[in-house]
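Working notes for the structure below.
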Amino acid sequence: MTMSNHLEHSFFNRPVLEVAEDLIGARLIKDGRELTITELEAYDGPSDLACHASKGCTERTRVMYGAAGVFYVYLCYGMYWMLNIVTGPAGYPAALLIRGAGDISGPGKLTKALGIDGSYNNRPADPKTGLYFTPPETRPHKKLIQTTPRIGVSYAGPVWANKPYRYLLTAG
DNA sequence: TAAGTGATCTCT
DNA sequence: GAGATCACTTAA
């Protein structure tokens with residue numbers, strides 16, 4: 001039978017923190033390779049000073065203002081591609097940064113290991129793209145999801161830098 | 001702890 | 001066009 005139960009627009013078209021909780025433990029699939037998502041960071045709208053879109057809609061951030069379920073991929077520090085998935089309704093810029101999957105820890109290492117680069121920017125998460133998500137077979141117990149402040153966003157000021165928007169799947 | 005690296009954004 | 005910034009990683 002065909003396995004096409006991938007997560008799509010309706011799953012991602014919700015508040016980013018809700019999506020984050022449900023996406024932890026789900027699978028990231030890249031050209032047949034399947035990895036459990038273990039670490040995410042949420043970036044929630046124009047008022048979130050750590051979110052790129054807090055500085056407004058530009059050429060680079062425009063994808064976050066678009067439809068949910070589309071990838072936002074950008075280059076950081078001149079060498080590392082960051083893989084994000086857009087969430088929430090069109091017009092509200094929010095996304096989840098995928099920081100870890102399988103036994104890969106670190107957003108730059110993840111994209112390098114999976115061969116993800118800027119060509120995936122603005123593409124929907126879909127089997128046709130070769131990069132998409134499927135739900136976990138069994139949803140991880142909430143006790144196994146831990147939240148902490150996000151990494152590397154001290155420039156956003158104490159309020160936003162301390163928000164518990166980093167989601168981790170703890171070993172169970 | 002520091003440096004490598006290049007796109008993007010904000011000034012001129 | 002110039003300069004600052006940056007959701008990282010690795011080697012010490």
Side-chain angles (χ1 to χ4, degrees), chain A residues 7 12-26 28 30 33 35-125 129 131-133 145-170:
Chain A
L7 301 173
F12 295 104
N13 192 23
R14 295 182 290 150
V16 66
L17 301 184
E18 262 182 50
V19 179
E21 242 181 42
D22 291 345
L23 199 58
I24 283 283
L28 174 67
K30 167 68 168 49
R33 200 166 159 189
L35 299 170
T36 301
I37 295 170
T38 56
E39 187 176 349
L40 296 168
E41 274 178 10
Y43 292 85
D44 189 14
S47 57
D48 178 355
L49 296 181
C51 181
H52 288 166
S54 65
K55 298 193 182 103
C57 183
T58 67
E59 186 71 25
R60 177 209 200 190
T61 61
R62 197 175 55 224
V63 58
M64 276 201 280
Y65 289 79
V70 172
F71 290 113
Y72 168 41
V73 184
Y74 71 93
L75 187 66
C76 188
Y77 300 110
M79 337 181 181
Y80 301 105
W81 293 104
M82 300 288 115
L83 176 65
N84 300 248
I85 184 77
V86 175
T87 69
Y92 185 83
L96 288 168
L97 168 67
I98 299 164
R99 296 186 54 93
D103 45 17
I104 305 166
S105 176
K109 284 198 265 188
L110 178 74
T111 52
K112 190 177 174 194
L114 294 180
I116 294 165
D117 62 19
S119 67
Y120 284 88
N121 190 42
N122 221 348
R123 289 166 71 174
T129 312
L131 183 62
Y132 61 101
F133 304 92
I145 301 177
Q146 189 184 346
T147 60
T148 78
R150 293 171 291 187
I151 303 297
V153 297
S154 55
Y155 65 89
V159 172
W160 289 99
N162 289 325
K163 294 268 187 193
Y165 283 2
R166 178 173 174 234
Y167 290 74
L168 294 155
L169 180 63
T170 61

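Within every chain, numbering begins at 1; the chains are lettered A, B, ... in the order of the sequence lines, protein sequences first and strands thereafter.
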_Non-hydrogen atoms of A:Val86 and A:Met64 that approach each other most closely_ = CG1-O, 3.7 Å
*asked:* With rounding to the nearest 0.5 angstrom, report the CG to CD1 distance, A:Leu110 to A:Ile116.
replied: 6.0 Å
*With A:Asn121 via side chain to side chain donor-acceptor pair (under 3.5 Å) - residues at least two apart*: none
*How far apart are the C-alpha atoms of A:Val16 and A:Tyr43, what are their side-chain angles, what is the distance that settles it, and do they pass the side chain to side chain contact (heavy atoms under 4.5 Å, CB included) test?*
CA-CA 8 Å; A:Val16 66; A:Tyr43 292 85; over 6 Å; no
Identify every side-chain donor-acceptor pair in residues 70-81 of chain A under 3.5 Å, counting partners at least two apart or on other chains, and give the distances.
| unit_1 | atom_1 | unit_2 | atom_2 | d |
| --- | --- | --- | --- | --- |
| A:Tyr72 | OH | A:His52 | ND1 | 2.7 |

_Give the residues of residues 41-53 of chain A touching DNA chain B, defined as any heavy atom closer than 4.0 Å, sorted by residue number._
none
*asked:* Checking A:Arg150 against A:Glu41 for the salt bridge (Lys or Arg N to Asp or Glu O under 4.0 Å) test, could you report, in this order, the C-alpha distance in whole Å, the side-chain angles of both residues, the deciding distance, and whether it holds?
replied: CA-CA 6 Å; A:Arg150 293 171 291 187; A:Glu41 274 178 10; 5.5 Å; no
*asked:* side chain to side chain contact (heavy atoms under 4.5 Å, CB included), that's the test. Do A:Leu23 and A:Leu7 meet it? Break it down for me.
replied: CA-CA 9 Å; A:Leu23 199 58; A:Leu7 301 173; 3.9 Å; yes
*Sequence-distant partners of A:Pro89, side chain to side chain contact (heavy atoms under 4.5 Å, CB included), two or more places apart*: A:Asn13, A:Tyr92
*Who are the ring pair (Phe, Tyr, Trp, His ring centres under 6.0 Å) partners of A:Phe12, not counting sequence neighbours?*
A:Phe133
*Got a donor-acceptor contact below 3.5 angstrom from the A:Arg166 side chain to the A:Glu39 backbone?*
no
*When rounded to the nearest 0.5 angstrom, what is the spacing between CD1 in A:Ile145 and CD1 in A:Ile24?*
6.0 Å
_For a stem of at least 3 consecutive Watson-Crick or G-U pairs with distances under 3.5 Å, i pairing with j, i+1 with j-1 and so on, which stems involve DNA chain B?_
B:1-4 with C:8-11, B:6-11 with C:1-6
*Quick one: do A:Lys163 and A:Asp48 make a salt bridge, cutoff under 4.0 Å?*
no
*Tell me, please, the opening and closing nucleotides of DNA chain C, 5' to 3', among those with an atom under 4.0 angstrom from a non-hydrogen atom of chain A.*
C:dC6 to C:dT10
*How is A:Gly118 classified with respect to the nucleic acid when contacts are heavy atoms under 4.0 Å: base, sugar-phosphate, or nothing?*
nothing
Please tabulate the protein-to-nucleotide N/O contacts below 3.5 Å involving nucleotides 8-12 of chain B, giving atom names and distances.
| unit_1 | atom_1 | unit_2 | atom_2 | d |
| --- | --- | --- | --- | --- |
| B:dC9 | OP1 | A:Thr58 | OG1 | 2.3 |

*Interatomic distance, A:Leu83 atom CG to A:Leu114 atom CG [nearest 0.5 angstrom]*: 8.5 Å
Scan the side chains in residues 53-61 of chain A for donor-acceptor partners under 3.5 Å anywhere in the protein, sequence neighbours excluded, and list what turns up.
| unit_1 | atom_1 | unit_2 | atom_2 | d |
| --- | --- | --- | --- | --- |
| A:Ser54 | OG | A:Cys51 | O | 2.8 |
| A:Thr58 | OG1 | A:Arg60 | N | 3.3 |
| A:Thr58 | OG1 | A:Thr61 | N | 3.4 |
| A:Thr58 | OG1 | A:Thr61 | OG1 | 3.4 |
| A:Glu59 | OE1 | A:Arg62 | NH1 | 3.3 |
| A:Thr61 | OG1 | A:Gly56 | O | 3.1 |
| A:Thr61 | OG1 | A:Thr58 | N | 2.9 |

_Residues within residues 15-25 of chain A bordering DNA chain C, heavy-atom distance below 4.0 Å_ = none
*What residues in residues 66-101 of chain A put a non-hydrogen atom under 4.0 Å from any atom of DNA chain B?*
A:Tyr77, A:Gly78, A:Met79, A:Tyr80
_Residue list, salt bridge (charged side-chain N to carboxylate O under 4.0 Å, His left out) with A:Arg123, at least two apart or on another chain_ = none
*Exam field: side chain A:Thr38 to backbone A:Gly100, donor-acceptor pair closer than 3.5 Å*: yes
*asked:* Using 0.5 Å steps for rounding, measure from the CD1 atom of A:Ile85 to the CG atom of A:Leu96.
replied: 8.5 Å
